[in-house]
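Below: the structure, in structure tokens.
Keep in mind the model is a prediction, meaning the values are calculated, not measured. Numbers restart at 1 for each chain; the letters A, B, ... are given by sequence-line order, proteins then strands.
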Amino acid sequence: MTRDQIEEVVNAEYPDILIKEKKEEKHRLPDLPNVKGGVVMRMAPSPSGPLHIGHSRMAILNDEYVKRYGGKLILRIEDTNPANIDPDAYRLIPEDLKWLGVNVEETVIQSSRMEFYYSEAKRMISEGYMYAIEENQQEFHDLKLKKVPVKERDADPSYSLEKFDRMISGYYSDGQAALVMKTEIDHPNPSVRDWIAFRINTHEHPRTGNRYVVYPTMNFSVSVDDHYLGLTHVIRGIDHLVNTEKQKYVFKYNKWEIPEYFHYGFITIPDTILKTTVIKEGIRSGKYSGWDDIRLGTLMALKKRGYNPETFRNYWISSGMNKNNATFSWDIFNSMDREIIDNDTERYSFVPEPVIQHIKNPVELKSHAMLHPQNPERGFREYTLKPDASIYFPARDMLEIAEGETIRLKDLCVARKENGRIVYSDYDPSERVKIIQWAPENSSEISIFHPDGSVDNGMLEPLAVGKNSVVQLERYGYVNLNGNKGYFLHR
RNA sequence: GCUCCGAUGGUGUAGUCAGGCCAAGCAUUCCGGCCUUUCGAGCCGAUGACUCGGGUUCAAAUCCCGGUCGGAGCACCA
């Protein structure tokens, strides 16, 4: 018997067993291993600017697990490179996280912990795990490539201790000295070999000014912080894969328990401006109005356009934590957003590129449109048009309607194109005809700004004027209204 | 070049660790239809995928070996 034949028999004789229950498709993150009680997790952005959509993945993933298992989520601002800090970021990052619904229980700023890093370093120097160098950078780098240790590697800890004190005192200028973490000089990956743990940076720090000139590199500060803050699980991008390997040396030397690490793949976010340097330059030159310019991919901009923060959560949960590189899908993201907002979004009429039309109605007309088609109880939008009224009609649709074609003015009446004009008709079409939105004569001008930089000017129906919320402009898309402006969300 | 990581329809993801219920699920996009006043929502339908080659096995998306392709790292950035 072939499969088809079998199926036929089963269908006829035992129809019940063929009914497969539909698999409940639920986006769920995989369970974490080694959870004892709760989890302690962190997100660690550098304060170079506010968060963008890419950062939201790290925030959501960590937050989700803390919500699942209990425990706490730490925000650690990694500002150990004074040259790459935007002072506003200290304020903006927590605001972004709050908007996302990410529950930060504790905030740690690394530049406040410099003395702690110094004392940890001194301890590890005296234990023989770190050493100070004075070589120039190129030479140190070249020797490592050749798997040749520098002479200071085996110097007595007291020598390195003294050098480190001298570094802290401000004796050296940028690049003249460093403190190195001893790993394996013949490690197959050259970057893992004896990595730099502290370097000189005389750039003024927005928070601590010129108080410090010796800063830990992230691999050092992250290691000791992850331990002392009690991290149990760490989730971050695959760009940190090698860093994780480097950081494990610190854990091993100190006999600290190593957290569970997870790395998620790279996401390419198409058609989106995310680079802090590009944005900053654009703001400076006046090209962008600010961090929340809707042409940008910052969370502030996405908020301004009217996205629901839950959408970010749903999207990143469905993306999971795997290591493959992927392309961000605005289609899927927007679809998820629609799913959330559609039910609460009122419908209104907007006419882009409006052309005024005398529709020559012989009798008074009353429009009767619902605020929401699935929820009639929310009420109606009604307008009364006197005989021989004028309305606004979209120029673009005008072009697509053939001479003599019958259409319907949405929730108003039937009309027909005659001599290139839209006029009232009392014909009742039984077939489907085009349904076009319109706006009454007393509508208001509005400009709708799109993320691609384009602007649609048109007329907004009177009942929508003054709304400050996301609405659906019928046949146009979801728009966040704001005074006589609107920000386009998505279709 | 070296080190590491990855590969399921156009896109995203489930399944891979513990091979059989996978003749591969879900979402999205595109296309067609219905709902006879949205291009939104909803409903129905259609197209579309296990990177390639070997091997193990009664049985491979799943395990092993090799190739190909893609990515990341190779910083005194994070």
- Message: Would you say A:D225 and A:Q110 are linked by a side-chain donor-acceptor pair, where the criterion is simply a distance under 3.5 Å?
- Response: yes
- Message: Checking base pairs now: Watson-Crick or wobble, both atom distances under 3.5 Å. What partners B:rU36?
- Response: none
- Any strand, both distances under 3.5 Å, Watson-Crick or G-U wobble: B:rG25 pairs with B:rU13
- Item | Gap in Å between the two P atoms, one belonging to B:rA27 and one to B:rC44, rounded | 10 Å
- For B:rU29, does OP1 or OP2 lie under 4.0 Å from any side-chain N or O of A:N334? no
- Task: Name all residues meeting the ring pair (Phe, Tyr, Trp, His ring centres under 6.0 Å) criterion together with A:F164; count only those two or more places apart in sequence or in a different chain, and write none if there are none.
- Result: A:Y118, A:F198
- Task: Considering only atom C1', compute the distance from B:rC50 to B:rU16 and round it to an integer number of Å.
- Result: 11 Å
- Should A:T327 be listed as having a side-chain N or O under 4.0 Å from OP1 or OP2 of B:rG12? yes
- Query: Between B:rC63 and B:rG19, how far is it from one P atom to the other, in whole Å?
  - Reply: 9 Å
- Query: Starting at CZ of A:F328 and ending at C1' of B:rA27, how long is that distance when rounded to a whole Å?
  - Reply: 14 Å
- Message: Could you tell me how far apart A:E346 (CD) and B:rU38 (P) are, to the nearest whole angstrom?
- Response: 18 Å
- Which residues share a ring pair (Phe, Tyr, Trp, His ring centres under 6.0 Å) with A:F251, sequence neighbours left out: A:W256
- B:rU37, B:rU8, B:rG12: which one has an atom nearest the side-chain heavy atoms of A:K410? B:rU37
- Message: Please report the distance, rounded to the nearest Å, between CG in A:L473 and P in B:rU38.
- Response: 16 Å
- Are A:T107 and A:R76 linked by a side-chain donor-acceptor pair shorter than 3.5 Å? no
- Message: What's the gap between B:rG70 and B:rC64 when it is taken at their C1' atoms, as a whole Å value?
- Response: 23 Å
- Item | Whole-Å C1' distance, B:rC31 and B:rC69 | 31 Å
- Query: How long is the line joining CD of A:E245 and C1' of B:rC4, in whole Å?
  - Reply: 8 Å
- Item | Euclidean distance for P, B:rC30 against B:rA24 (whole angstrom) | 25 Å
- Message: Any base atoms under 4.0 Å from A:D397, or only sugar-phosphate, or nothing? Heavy atoms, all strands.
- Response: base
Would you list the atom pairs, donor with acceptor, under 3.5 Å between side chains in residues 53-60 of chain A and any protein atom, with sequence neighbours excluded?
from, atom 1, to, atom 2, distance (Å)
A:H55, ND1, A:H52, N, 2.9
A:S56, OG, A:I53, O, 2.5
A:S56, OG, A:W316, NE1, 2.7
A:R57, NH1, A:G265, O, 3.2
A:R57, NH2, A:G320, O, 3.1

- Going 5' to 3' along nucleotides 71-78 of chain B, which nucleotides have protein heavy atoms under 4.0 Å from the base (write B), which only from the sugar-phosphate (write S), and which from neither (write -)? SSSSSBSB
- Query: Once you round it to whole Å, what is the distance between P of B:rG40 and NE2 of A:H490?
  - Reply: 12 Å
- Item | Pairing partner of B:rU3 (Watson-Crick or G-U wobble, both distances under 3.5 Å) | B:rA72
- Say whether A:Q176 and A:Y171, considering side chains only, have a donor N or O and an acceptor N or O under 3.5 Å apart. no
- Message: Looking at B:rC58, which nucleotide sits across from it as a Watson-Crick or G-U wobble partner, both distances under 3.5 angstrom, or is there none?
- Response: B:rG20
- Item | Per-nucleotide protein contact string for nucleotides 31-36 of chain B, where B marks a base within reach and S marks sugar-phosphate only (heavy atoms under 4.0 Å, - for neither) | ----BB
- Query: What integer number of Å spans the P atoms of B:rC74 and B:rC22?
  - Reply: 44 Å
- Message: Could you tell me how far apart A:Q472 (CD) and B:rA41 (C1') are, to the nearest whole angstrom?
- Response: 8 Å
- With a non-hydrogen cut-off below 4.0 angstrom, is A:K323 in contact with a base, only sugar-phosphate, or nothing? sugar-phosphate
- Query: Atom CG of A:L371 to atom C1' of B:rU37: distance rounded to whole Å?
  - Reply: 15 Å
- Check the distance between B:rC17's C1' and A:D31's CG and give it to me in whole angstrom. 14 Å
- Among side-chain atoms of A:S221 and A:R113, is any donor-acceptor pair under 3.5 angstrom? no
- Is it true that A:F116 and A:Y228 have ring centroids separated by less than 6.0 Å? yes
- Query: For A:Q137, what residues pass the side chain to side chain donor-acceptor pair (under 3.5 Å) criterion, not counting sequence neighbours?
  - Reply: none
Name the pairs: protein N/O against N/O of nucleotides 42-44 of chain B, kept only if under 3.5 Å.
none

- Would you please name every residue forming a ring pair (Phe, Tyr, Trp, His ring centres under 6.0 Å) with A:F333, sequence neighbours left out? A:Y307, A:F312, A:Y315, A:F328, A:W330
- Message: Here's a test of your reading of the structure: between A:L412 and A:A326, which maps to the more 5' nucleotide of RNA chain B?
- Response: A:A326
- Query: Taking only residues two or more places apart in sequence or in another chain, which ones pass ring pair (Phe, Tyr, Trp, His ring centres under 6.0 Å) with A:Y65?
  - Reply: none
- Message: List the residues meeting side chain to side chain donor-acceptor pair (under 3.5 Å) with A:S454, not counting sequence neighbours, and say none if there are none.
- Response: A:D452
- Query: Would you say a side-chain N or O of A:R338 is under 4.0 Å from OP1 or OP2 of B:rA41?
  - Reply: yes
- Query: Taking atom P in both B:rG25 and B:rA14, what distance in whole Å separates the two?
  - Reply: 15 Å
- Query: When all nucleic acid strands are considered with a 4.0 Å heavy-atom cut-off, which category describes A:P429: base, sugar-phosphate, or nothing?
  - Reply: nothing
- Query: Using a cut-off of 4.0 Å on non-hydrogen atoms, how would the nucleic acid contact of A:D331 be classed: base, sugar-phosphate, or nothing?
  - Reply: sugar-phosphate
- Item | Non-neighbouring partners of A:E474 that pass side chain to side chain donor-acceptor pair (under 3.5 Å), sequence neighbours left out | A:R381, A:K410
- Task: Taking side chain to side chain donor-acceptor pair (under 3.5 Å) as the test, write out the residues that go with A:D331, two or more places apart.
- Result: none
